[in-house]
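This report concerns only the one structure given below.
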Amino acid sequence: MPTEPARPGTVGGVTSTSTVRVRAAAKVNLGLAVGRVGADGYHPLATVFQAVSVHDDLTAAAAEPGSGVALEVSGRGAESVPLDARNLAVRAALLLAERTGVEPDVALSIRKAIPVAGGMAGGSADAAAALVACDSLWGTGLARPDLLDLAAELGADVPFAVAGNTAVGTGRGDQLSPVMCRGQYHWAFATRRAGLSTPQVYATFDALGGAGASPEPEVDPALIQALRAGDAEGLGAALHNDLQHAAIELAPELVETLALAEDNGALGAIVSGSGPTVAALARSSQHALAIAAALTAAGAADDVVCAVGPVPGARVVER
Ligand code: C5P
């Protein structure tokens, strides 16, 4: 992508540069334990997130006073992304402006690679990218904890999209603590054009019996142990997603995708988050490519993408 030289300017009385580009990563939930739905409509979670090298790029450019937040989206699945205030990136820019007293004038441009409605937190990645980009563009310089608080207001997965790497999420998934993680993990992701709605997957989870007799979700210690040891086989065996049943209920073809990944030697295969993306853990980057090729050949995915994790959260890559 061509680089734009930084030109100092003034937006809303705050010194800023004219263009900022931020890169934000997709996530996979290595473990997702879901408790009984609360009065607020949210489920308590105990999850382990890992950020993986499938990235959306967001550019924020200074705009004329009074022009508001403009958005354009290109890349994978762009046609199904809303461009108005339903878009989390637009909401992120408006929220940051409101809380910091800056005029919300910015032109946002997103280049998508993260599947839309795929269970990999693409919308949350874009929101995190918009927060980080506008904070830099407008010179608002929010402290990290304040940025994470704003992120949590936007959605349960947005704080992790800011933080990246590997972390445990509790509460709605927004209360983060980092996890010591050794080594790199190689993934093949099988994506579907038809996404799943996160609220619908949670509602199906409830309809199927929900958290049943164990309403207190807990992180599996074997999963944390495997990450600490850099033990990919141990991690593969410990991968778990309580939402998988619900996702399969809504998209039964996922059963075949999961089985094919395992038939091709995946150390473990799960539905990613609320689906329908299937995440297969491989032994190496070559093995990830082989799994991806087998899934493609069998027609078990609309698209496949290979990635490594962990990677950093939303960060400025160009100013
Ligand atoms: O926070 P976010 O907007 O990403 O959540 C989308 C939907 O997913 C919520 O409205 C809720 O239905 C469901 N959800 C949940 N429990 C969570 C996170 C999300 O029930 N911990």
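The first residue of the sequence shown is numbered 1, and numbering continues consecutively from there. In each ligand, atom 1 is the first atom listed, and ligand 1 is the first ligand listed.
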query: Is Asp146 paired with Arg99 through a side-chain N to carboxylate O contact shorter than 4.0 Å?
result: no

message: With a 6.0 Å cut-off (strictly less than), is the heavy-atom count around CD of Glu218, excluding the residue itself, greater than 12?
response: no

- request: Compute whether any side-chain donor of one residue and acceptor of the other, for Ser274 and Thr198, lie under 3.5 angstrom apart.
  value: yes

task: Anything under 30° is parallel, anything over 60° is perpendicular, the rest tilted; go ahead and classify Phe189 against Trp187.
output: parallel

task: Write out all pairs satisfying ring pair (Phe, Tyr, Trp, His ring centres under 6.0 Å) with one or both partners inside residues 52-95, taking only residues at least two apart or from two chains.
output: none

For each nitrogen or oxygen atom of ligand 1, which protein N/O atoms lie closer than 3.5 Å, and how far apart are they, rounded to 0.1 Å?
unit_1   : atom_1 : unit_2 : atom_2 : d
ligand 1 : 1 (O)  : Tyr42  : OH     : 3.0
ligand 1 : 1 (O)  : Ala156 : N      : 2.9
ligand 1 : 16 (N) : His43  : N      : 2.9
ligand 1 : 20 (O) : Gly41  : O      : 3.4
ligand 1 : 20 (O) : His43  : N      : 3.4
ligand 1 : 20 (O) : His43  : ND1    : 2.7
ligand 1 : 21 (N) : His43  : O      : 2.8
ligand 1 : 21 (N) : Arg172 : O      : 3.0

- prompt: Sub-3.5 Å donor-acceptor pair from the side chain of Asn241 to the main-chain atoms of Gly273, do we have one?
  reply: yes

